[in-house]
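All chains are named by letter (A, B, ...) in the order of the sequence lines, taking the proteins before the strands, and each is independently numbered beginning at 1. Note that these values count all heavy atoms, side chains included, but never hydrogens, waters or copies made by symmetry.
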Amino acid sequence: MVKPIEPSIAILVVWILIYIYSMAGSVDFGASFWAMIYRNHETQAGNMANRFLSPTWEITNTILVLMVVAVVAFFPQAAFMFGTILLVPLSLILILILFRSSFMVFSYSVEGFQRTLKWVSGLTGLLVPVLLISALPITEGGFVTIQGGYETLQMTKWLSSPSVYIYMLFGLTSELFLSSLFLADYARESEERDAYQIYRKQAILFGPLSLLMAALTVPLMEPEAAWLISNLEANRGWFLFSVVLFVIGYSALWWSKTGKPRVAVVFVASQYAVATFAYGKSHLPYMIYPYLKVDDAFTNLDTFYSLLSVLIVGMAILLPGFLIFWRLFLKDRRYLQKKE
Amino acid sequence: MDTVTLSRAFFGTSLAFHIIFATLGIGISFMVFLSEVMHQLKKDNDYAIMAKRWTKSVAILLGVAIPSGTIVAVQLSLLWPGFMKIVGEVISVPFQVEIFAFFLEALALSIYVYAADRLPPNMRILSVFLVFLGAIGSAILITSANTWMNTPAGFDMAADGTIYNVDPWKAFFNPSFLQTSYHVSVSALMVGAFAVASVAAYRLLKRDSPPQAKSLHYKALTLSLVVAFFMSLLTALSGHGSGQNLQQHNPEKLAAAEGLFETQRYAPLAIGGYVDPETHKVKYGIEIPYLLSFIAGNRFDTEVKGLYEFPEETWPPFYVHTLFNVMVGIGTLLLLLAGLGLYYRWKKKRHYPKWLLRSFIFSGPLAMLGIEFGWIFSCSGRQPWTIYGYQTTAEAATRAAHVGFLLILFAIVYAVLSVLVTIVMISYFKRHPVMDDIEQFSKSQVVKGG
C-alpha cells in the first residue's frame with residue numbers, strides 16, 4: 001500500500017506555522033525588551049520599538065492561537081497528550097501573556113502606566129519565549145513517564161536538565177538577534193540613523209551567539225534523545241545550508257559600508273526557515289518520543305481536507321488586509337517618523 | 001474537590017471572565033459603528049465624539065478579551081484533553097475559521113485605533129465595521145462548537161470510542177447552530193447598548209455636567225435605548241426559539257429548567273421557587289397552567305417530556321431551574337425598561353424622569369449578568385455530558401495534578417485585572433472629560449470654516 005501523504009502535509013503546515021510564530025514572536029517579544037532597555041535613551045531606539053509594537057502585538061498573539069488550533073485540529077491525539085503534559089508550563093505562559101497584553105493596552109490609555117508597562121512587557125518579553133522553547137526538549141524524550149496510565153511530565157528533571165537550559169539560551173539569543181536585526185531594518189526604513197547603529201551593533205553581537213547556542217544543544221541532549229542526534233546528523237546538508245545563509249545574511253551588515261539590513265533580514269529569515277525544516281525532518285516520525293508518532297496523531301481525511309481548504313481560503317481573503325496593514329505601519333512615512 | 005469538579009470550576013471561571021470582555025467588545029463596537037454612521041448622516045459632531053470615546057473603551061476591553069480568549073483556547077486542550085481529541089476529529093473547522101475572524105478583528109482594530117487620522121471617513125467606518133464583524137464572527141463560530149456539544153452531529157462513534165463517518169460541515173451546521181448563534185449575537189448587541197445606556201444615564205444624573213455635555217449624553221442614551229429595545233426583543237424571541245429547540249433535541253434540559261418530572265400534555269410553566277430533591281416538586285414557585293406546553297410547541301396539547309423519562313444518572317442538576325429563571329427574568333425586565341424609556345422619549349415628553357435614569361444605570365451590569373446566567377445554564381443543563389449522549393464531562397477532563405493550585409492562581413490574576421481595567425477606564429475618562437472633545441471638535445470646525 002502506498003503511504004498516505006496527508007499526515008506529511010499536515011505536519012508541514014504545523015512547521016510553517018511554528019516558524020511564522022517563532023519569527024513574529026521573537027521580533028514582538030524582543031522589541032518590548034529593547035523598548036525597556038532603551039526607555040530613557042537619547043536616540044529614538046526605544047520609541048521606535050514601541051511604535052512598531054503598538055499596532056502589531058495583537059496580530060502576533062493571534063498567530064499563537066492559530067498555531068495551537070492547527071495542532072489540535074490536524075493532530076487531535078497530540079492535543080490530548082500535550083494538554084496533559086504541559087498543563088503547568090503552558091498555564092504560566094498564559095498568565096504572563098495576559099499581563100503583558102493588558103498592560104500594553106492600559107499604557108496606551110493611561111499615561112501613568114507607561115513606566116510599569118515597559119518593565120512588565122520587557123521582562124515578560126524575555127520570559128515567554130524562554131518558557132515556550134523549553135517545551136521543545138520535552139518532545140525529544142526523557143522527560144515524560146507513564147503514571148497511572150497517563151503521560152506525566154517529570155517536573156524536577158525538566159527544571160534541572162542542562163538540555164532545557166541550553167534550549168532556553170538558544171531561544172533567548174535567537175529572539176534578541178532576530179528582533180535587533182528586524183528593528184535595524186525598521187530604523188533604516190524610518191531614517192533613524194542612530195537607532196539603526198544601535199540595533200545593528202546588537203545584531204552583530206547576538207548573531208554568532210545564537211548560532212553557538214544552537215550548536216551546543218546537540219551535545220547537551222538527554223541520553224534518551226540519541227535517536228534525534230543520529231537523525232540530525234543524517235540531515236547535515238540542510239543544516240550546513242542554513243549556516244551558509246546565516247553567513248551571507250550576517251555579512252550583509254557590512255555591505256556598502258553601513259550595511260544592507262533588508263538583505264540581512266531576508267537571508268537570516270531563510271536561515272531559520274531551512275533550520276526549522278531540517279529539525280522538523282529529523283524529528284520524524286515522532287511528535288513526542290517515544291509515545292506519539294505523527295501518523296498516529298493525525299485526524300481523519302474528511303476533517304483534514306476541510307481544514308486545509310479553510311486555511312487556504314481564509315489566508316487568501318485576509319491577504320489584502322495584511323498588505324494594507326503593512327503599508328500603514330511598516331511603510332507609511334507619516335507613521336514611521338512620528339516624533340513622541 | 002476532585003479533578004473533574006476543579007476543572008469545571010477553573011474553565012467556568014476563565015469563561016465567565018472572558019465573555020464579559022468579548023461580549024462588550026462586540027456590543028460596543030457595534031455602537032461605535034452606528035454612531036459613525038449617524039455622524040455621516042446627521043453631520044452632528046456629537047456622534048463623532050461618542051464614536052471616539054467608545055472606541056477607547058473598545059480598545060481597552062478587546063485588549064483583555066484577546067489574551068483571555070487565547071487563554072480559553074489553550075485551556076480547552078489543557079483541561080479537557082479527552083474532549084479536544086474528539087473536537088479535533090469532528091468539529092475543528094469552526095475553530096479554524098474563528099482564527100480568521102480573530103485576525104480580521106485584530107487587523108481592523110489596529111488600523112482603526114492607530115491609523116484613524118490617516119484614513120478617509122468611509123474607510124474609517126469600514127474598518128470599525130470590520131472590527132465588529134470579526135468580533136461577532138468569532139462569537140458565532142465558537143457558538144457553533146458549543147451547540148455541537150448540545151446537539152452533536154456529523155459523525156458516528158463505535159463502541160470502543162473510535163470516530164468514523166465524519167462530515168465536518170454537518171457538524172458545523174448542527175441542529176441548534178443557527179438558532180443559538182442568532183440568540184448569542186443579538187444578546188451581545190443588547191448588552192453593548194445597555195452598557196452605553198448605563199454610562200449615559202449616570203452622566204445625565206450628575207448635576208455638574210455642562211449643557212453641551214448633557215445634550216451629547218442625551219443623544220447617546222436615546223441611540224442606545226433604541227438599539228437596546230430592539231435587541232432585547234429579538235433576544236426574547238430567539239430565546240423562545242431556543243426553548244423549542246430544547247424540546248426537540250435536549251428534552252431533559254428543558255425538563256430540568258422547568259422542574260418537570262412527569263411527562264404531560266397541558267404542562268404548566270413554573271416561575272421562581274426551587275426544585276425539592278426529595279419530593280421532585282417545584283416549591284414556592286408560581287405555576288401558570290398550560291403555558292409550558294404552549295411555549296414548547298405552540299399548542300396547549302404539546303407533550304413535554306419530564307425527567308422521569310430519563311435515567312436518573314443523566315439528569316442535569318436541579319439548580320438549572322434557578323439559572324433559567326434568572327436569565328429569563330433579567331431579559332424580561334430589560335425589555336420592559338427599554339420599552340418604557342422609548343415610551344417616555346416619543347409619547348410623553350423630551351426628558352426621561354429621574355427614577356428611570358436611575359434604573360438605567362443598573363441595566364448594563366444586569367444585562368451582563370443575564371448573559372452569564374444564560375451560559376452557565378446552557379453548560380450546566382448539559383451535565384453530566386460534555387458531548388450530549390457521547391462523552392461525559394468526567395471522561396473529557398484532564399488527569400493531571402495541580403489543577404486546584406492553578407485555579408486559585410488564575411482567579412487571583414482575573415481579580416487583579418478586573419480591578420486594573422476599572423481603574424484604567426475611570427482614570428482615562430477623568431483625564432479626558434467629554435468637554436475637552438467637544439471644545440476640540442468645535443475648534444477644528446472653526447479652522448475649517450475660516
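The local environment of CE in B/Met123 is sparse, with at most 12 non-hydrogen atoms from other residues, nucleotides or ligands closer than 6.0 Å. Dense packing is recorded around NZ of A/Lys157, with more than 12 heavy atoms of other residues, nucleotides or ligands lying under 6.0 Å away.
For the atom pair A/Ile59 CD1 and B/Glu105 CD, the distance stands at 10.5 Å (nearest 0.5 Å). With rounding to the nearest 0.5 Å, the separation of CG in B/Leu107 from CD in A/Glu58 is 10.0 Å. Residue A/Leu66 holds its CG atom at 6.0 Å from CD of B/Gln96, rounded to the nearest 0.5 Å. Atom NZ of B/Lys85 is separated from atom CE of A/Met81 by 8.5 Å, given to the nearest 0.5 angstrom. The distance from atom OG of B/Ser110 to atom CZ of A/Phe325, rounded to the nearest 0.5 Å, is 4.5 Å.
Ranking B/Val166, B/Leu417, B/Thr398 against chain A, the residue ahead of the rest is B/Val166, based on heavy-atom pairs under 4.5 Å. Taking chain A as the reference chain and counting heavy-atom pairs below 4.5 Å, the highest number among B/Leu79, B/Thr70, B/Val87, B/Ile99 is found for B/Ile99. Here B/Phe103 is the residue among B/Phe103, B/Tyr164, B/Phe102, B/Phe83 with the most heavy-atom pairs under 4.5 Å with chain A. No other option in A/Leu98, A/Ile63, A/Val88 has as many heavy-atom pairs under 4.5 Å with chain B as A/Leu98. Among A/Val72, A/Ile85, A/Leu94, the residue making the largest number of heavy-atom pairs under 4.5 Å with chain B is A/Leu94. The candidate with the highest count of non-hydrogen atom pairs below 4.5 Å against chain A, out of B/Val403, B/Val74, B/Leu62, is B/Val74. Most heavy-atom pairs under 4.5 Å with chain A: of the set B/Val64, B/Ile91, B/Ile66, B/Leu130, this distinction falls to B/Ile66.
Residue contact with chain A, scored on non-hydrogen atoms closer than 4.5 Å, involves the side chain of B/Leu109 exclusively. A/Val68 touches chain B through its side chain: at least one heavy atom from C-beta onward sits under 4.5 Å away, while N, CA, C and O do not. Only the side chain of B/Tyr414 has a heavy atom closer than 4.5 Å to any heavy atom of chain A. In this structure, chain B has no heavy atom under 4.5 Å from any part of A/Thr152. Of the atoms belonging to A/Leu311, heavy atoms from both backbone and side chain fall under 4.5 Å from chain B. Contact of A/Met315 with chain B is made through backbone and side chain together, with heavy-atom distances under 4.5 Å. Looking at B/Trp169, the atoms closer than 4.5 Å to chain A (heavy atoms on both sides) all sit in the side chain, from C-beta outward. Residue contact with chain A, scored on non-hydrogen atoms closer than 4.5 Å, involves the backbone and the side chain of B/Ile111 alike. For A/Phe322, the parts sitting under 4.5 Å from any heavy atom of chain B are the backbone and the side chain alike.
The side chain to side chain donor-acceptor pair (under 3.5 Å) search around B/Arg53 returns B/Asp437, not counting sequence neighbours.
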Tell me, with the steps shown, if B/Val90 and A/Thr303 meet side-chain contact (heavy atoms from CB on, under 4.5 Å).
-> CA-CA 7 Å; B/Val90 187; A/Thr303 300; 5.8 Å; no

Tell me, with the steps shown, if B/Leu78 and A/Ser91 meet side-chain contact (heavy atoms from CB on, under 4.5 Å).
-> CA-CA 8 Å; B/Leu78 295 178; A/Ser91 296; 3.9 Å; yes

Please test B/Phe100 against A/Ile317 for side-chain contact (heavy atoms from CB on, under 4.5 Å), starting from the C-alpha separation and ending with a verdict.
-> CA-CA 9 Å; B/Phe100 293 107; A/Ile317 292 175; over 6 Å; no

Take B/Leu409 and A/Leu92 through the side-chain contact (heavy atoms from CB on, under 4.5 Å) test and state the conclusion after the steps.
-> CA-CA 10 Å; B/Leu409 189 66; A/Leu92 293 180; 4.3 Å; yes

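The minimum heavy-atom distance linking B/Pro67 with A/Ser101 is given by the pair CG-CB, 3.5 Å.
Of the residues A/Val310, A/Leu307, A/Val69, the one that meets the side chain to side chain contact (heavy atoms under 4.5 Å, CB included) test with B/Val97 is A/Val310.
The stretch residues 17-29 of chain A places none of its residues near chain B, where near means some heavy atom under 4.5 Å from a heavy atom of that chain.
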